[in-house]
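So the structure is just underneath, and the comments pick up after that.
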Number of protein chains: 2
Amino acid sequence: MEQAKKILKSHNLKITPTRIAILNVFLTEKNALSASQIKKNLIIEFDRITLYRTLLTFETKGIIHKISSPDGIVRYAICTDNCPAEQHNEKHLHFYCYKCGKIYCEEDTDISGIQIKSGFYIESIQIIAEGLCKDCYKN
Amino acid sequence: MEQAKKILKSHNLKITPTRIAILNVFLTEKNALSASQIKKNLIIEFDRITLYRTLLTFETKGIIHKISSPDGIVRYAICTDNCPAEQHNEKHLHFYCYKCGKIYCEEDTDISGIQIKSGFYIESIQIIAEGLCKDCYKN
DNA sequence: AATCTAATGCAACAATATTGCATTTGCAAA
DNA sequence: TTTGCAAATGCAATATTGTTGCATTAGATT
């Protein structure tokens with residue numbers, strides 16, 4: 001069975017063409033994607049509303065996680081850490097290149113050095129570094 | 001001279017009722033605010049477009065800084081560190097409460113321990129912790 | 001007070017997102 | 001294999017957020 005179907009099954013989600021198509025986009029592209037970027041990469045056509053709802057479903061189930069970048073566009077990326085539903089512990093860093101607009105997931109970044117004062121009940125931490133990626137720096 | 005006027009003067013900006021009103025909202029409310037939240041707190045009425053443009057001006061001049069929160073809404077907060085124009089070095093952490101939607105600026109948080117692998121030219125880092133604030137945790 | 005530049009307002013538009021409801025479809029049980 | 005139900009999707013309508021061009025107004029300097 002293909003990977004997309006496996007993921008859906010393991011999260012108790014019905015297998016539909018829409019969901020498989022969206023999942024395959026995430027499995028192919030490693031960088032975080034916005035709704036419109038996902039739509040462009042889809043091999044089948046369907047309603048924009050369905051895309052929003054599917055992304056929400058995936059996020060709730062812990063298949064993907066949301067990233068809000070400095071440009072204000074919400075992007076999504078597939079969870080590598082097998083997040084439990086509704087509780088993402090993405091401990092890695094995202095890098096946003098302000099020139100090409102890409103978001104890179106940097107898995108192996110150590111963020112254990114961050115301290116926060118008491119009074120807050122932290123469930124997840126998201127770090128976004130902004131700057132230029134290698135390709136854009138060259139040009 | 002009131003504080004708002006001082007800030008405008010020191011950044012070579014013309015003193016207008018709009019700008020003073022917006023600045024006063026930031027000076028009163030310490031949490032980060034979205035465009036619509038700012039609009040609600042304003043004592044005078046003016047065009048929505050002016051608000052966007054004023055926020056952009058303030059950001060460019062280093063008076064406020066943009067924060068993209070997990071809910072996808074862009075918020076702004078006043079800079080405490082006297083940022084140089086166009087280059088914000090907000091080294092502090094933001095805390096986003098997913099219940100009340102508030103964003104708290106945690107000034108005295110040390111984030112210097114973060115390491116990132118080479119290949120990226122980082123200009124700024126933004127950290128958003130997500131969870132429940134004290135008030136929302138109680139209820 | 002005059003003048004020039006910057007700020008604002010208006011109109012139009014574009015992108016993004018949400019909600020309700022009718023219809024279709026996946027899938028499990030009969 | 002067929003049936004039935006809950007879930008998924010599509011459609012329509014609407015809300016929110018943000019942008020651009022251009023005419024008008026207002027701040028600050030002389």
Side-chain angles (χ1 to χ4, degrees), chain A residues 1-2 4-24 32-61 63-64 66-76 85 98 101 103, chain B residues 1-2 4-24 32-61 63-64 66-76 85 98 101 103:
Chain A
M1 186 162 54
E2 358 160 2
K5 286 189 185 176
K6 270 188 202 166
I7 294 170
L8 290 174
K9 276 244 170 184
S10 68
H11 288 88
N12 290 317
L13 288 171
K14 286 185 183 170
I15 292 159
T16 69
T18 314
R19 286 176 175 173
I20 290 175
I22 294 174
L23 260 186
N24 279 330
L33 298 164
S34 65
S36 63
Q37 286 174 317
I38 295 163
K39 206 156 166 44
K40 271 179 212 151
N41 286 316
L42 285 168
I43 39 168
I44 56 166
E45 284 275 329
F46 52 85
D47 208 84
R48 201 165 46 92
I49 290 105
T50 305
L51 177 56
Y52 286 124
R53 280 194 279 227
T54 306
L55 291 174
L56 191 64
T57 305
F58 285 178
E59 195 195 4
T60 309
K61 290 283 181 177
I63 299 172
I64 57 173
K66 197 193 266 191
I67 304 152
S68 18
S69 32
D71 59 9
I73 296 171
V74 173
R75 287 181 178 78
Y76 293 90
Y98 61 76
I103 293 215
Chain B
M1 188 161 54
E2 359 160 0
K5 285 188 185 175
K6 270 188 204 167
I7 294 170
L8 291 174
K9 276 244 170 186
S10 69
H11 288 89
N12 290 318
L13 289 171
K14 286 186 183 172
I15 292 159
T16 69
T18 315
R19 288 176 172 172
I20 290 175
I22 294 173
L23 260 186
N24 278 331
L33 298 164
S34 66
S36 62
Q37 287 175 317
I38 295 164
K39 206 156 165 47
K40 273 179 209 148
N41 286 317
L42 284 168
I43 39 166
I44 56 166
E45 285 275 328
F46 52 85
D47 208 83
R48 201 167 46 92
I49 290 107
T50 304
L51 177 56
Y52 285 122
R53 281 195 277 227
T54 307
L55 291 174
L56 190 66
T57 305
F58 284 0
E59 195 194 4
T60 309
K61 290 282 181 178
I63 300 172
I64 58 174
K66 197 192 265 191
I67 304 151
S68 19
S69 34
D71 59 9
I73 297 170
V74 173
R75 287 182 177 77
Y76 293 90
Y98 60 76
I103 292 212

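In what follows, every chain begins at residue 1, and chains take the letters A, B, ... in the order their sequences are listed.
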*Closest heavy-atom pair and its distance - B:Lys39, B:Phe46*: NZ-O, 3.1 Å
_The test is side chain to side chain contact (heavy atoms under 4.5 Å, CB included); show your working for B:Leu8 and B:Phe58 and say whether it passes._
CA-CA 9 Å; B:Leu8 291 174; B:Phe58 284 0; 3.8 Å; yes
*asked:* What is the separation between atom OH on B:Tyr76 and atom C1' on D:dT17, rounded to the nearest whole Å?
replied: 11 Å
*Earlier contact from the 5' end, DNA chain D, for A:Arg48 and B:Ser36*: A:Arg48
*Could you give the distance from CZ (A:Arg48) to CD1 (A:Ile38), rounded to the nearest 0.5 Å?*
13.0 Å
*Quantified as the angle between the terminal helix axes (five pairs each), what is the overall bend of the helix from C:dA1-D:dT30 to C:dA30-D:dT1 to 10 degrees?*
30°
For residues 13-24 of chain A, please give each side-chain donor-acceptor pair under 3.5 Å, one per line with the distance, not counting sequence neighbours.
{"residue": "A:Thr16", "atom": "OG1", "partner": "A:Arg19", "partner atom": "N", "Å": "3.3"}
{"residue": "A:Arg19", "atom": "NH1", "partner": "A:Lys14", "partner atom": "O", "Å": "3.1"}
{"residue": "A:Asn24", "atom": "ND2", "partner": "A:Ile20", "partner atom": "O", "Å": "3.3"}

_Which residues share a side-chain hydrogen bond (donor to acceptor under 3.5 Å, both in side chains) with B:Ser36, sequence neighbours left out_ = B:Ser34
_To the closest 0.5 Å, what do you measure between CG (A:Leu55) and OG1 (A:Thr50)?_
10.5 Å
*asked:* For B:Tyr52, give me all partners under side-chain hydrogen bond (donor to acceptor under 3.5 Å, both in side chains), at least two apart in sequence or on another chain.
replied: none
*Just how far is it from atom NE2 of B:His11 to atom CD1 of B:Ile63, taken to the nearest 0.5 Å?*
4.5 Å
Are there any protein N/O atoms within less than 3.5 Å of an N/O atom in nucleotides 6-9 of chain D, and if so, which ones and at what distance?
{"residue": "D:dA7", "atom": "O4'", "partner": "A:Lys14", "partner atom": "NZ", "Å": "3.0"}
{"residue": "D:dA8", "atom": "OP1", "partner": "A:Arg19", "partner atom": "NH1", "Å": "3.0"}
{"residue": "D:dA8", "atom": "OP1", "partner": "A:Arg19", "partner atom": "NH2", "Å": "2.7"}
{"residue": "D:dA8", "atom": "O5'", "partner": "A:Arg19", "partner atom": "NH2", "Å": "3.1"}
{"residue": "D:dT9", "atom": "OP1", "partner": "A:Thr16", "partner atom": "OG1", "Å": "2.7"}
{"residue": "D:dT9", "atom": "OP1", "partner": "A:Thr18", "partner atom": "OG1", "Å": "3.2"}

*Distance, rounded to the nearest Å, where B:Leu51 contributes CG and D:dT16 contributes C1'*: 14 Å
*Is A:Ile73 touching bases, backbone alone, or none of the nucleic acid, heavy atoms closer than 4.0 Å?*
nothing
*asked:* Going 5' to 3' along DNA chain C, which are the first and last nucleotides with any atom under 4.0 Å from a heavy atom of chain A?
replied: C:dT16 to C:dC27
